[in-house]
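Below: the structure, in structure tokens.
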Amino acid sequence: MEYEIRAAVENGATPVPEPEPEAWGQRTCYIADPEGNLIEIGSWNKPYEEKDQ
């Protein structure tokens with residue numbers, strides 16, 4: 001996830017806010033592209049199919 005955020009920011013996006021771990025195990029953040037559109041980026045600490053186990 002860090003690579004994707006860094007690449008987006010290097011190409012003009014703004015982090016809104018910085019990535020944070022959530023209580024349920026997902027890391028998530030939003031970025032704003034140069035036109036102000038919000039994009040959510042998230043990842044799980046284990047495969048999605050196992051997230052509720």
Side-chain angles (χ1 to χ4, degrees):
M1 183 166 103
E2 283 75 19
Y3 170 80
E4 291 82 0
I5 296 166
R6 185 174 55 248
V9 170
E10 288 173 357
N11 286 287
T14 304
V16 189
E18 294 292 329
E20 304 183 356
E22 301 292 350
W24 53 88
Q26 182 183 23
R27 292 193 63 204
T28 188
C29 76
Y30 290 89
I31 59 171
D33 71 12
E35 296 177 354
N37 299 300
L38 288 179
I39 301 164
E40 181 179 21
I41 299 175
S43 66
W44 295 97
N45 61 359
K46 56 184 172 179
Y48 182 80
E49 294 79 17
E50 300 174 12
K51 71 177 182 60
D52 293 328
Q53 297 177 7

Partners of Asn11 by side chain to side chain contact (heavy atoms under 4.5 Å, CB included), sequence neighbours excluded? none
Hydrophobic cluster membership, with links at side-chain heavy-atom distances under 4.5 Å among I/L/V/M/F/W/Y: are Val9 and Val16 in one? no
Minimum heavy-atom separation for Pro34 and Gly12, please, with both atom names. CG-O, 3.7 Å
Sequence neighbours left out, what passes side-chain hydrogen bond (donor to acceptor under 3.5 Å, both in side chains) with Glu35? Give chain and number order. none
Who pairs with Glu10 by side chain to side chain contact (heavy atoms under 4.5 Å, CB included), at least two apart in sequence or on another chain? Arg6
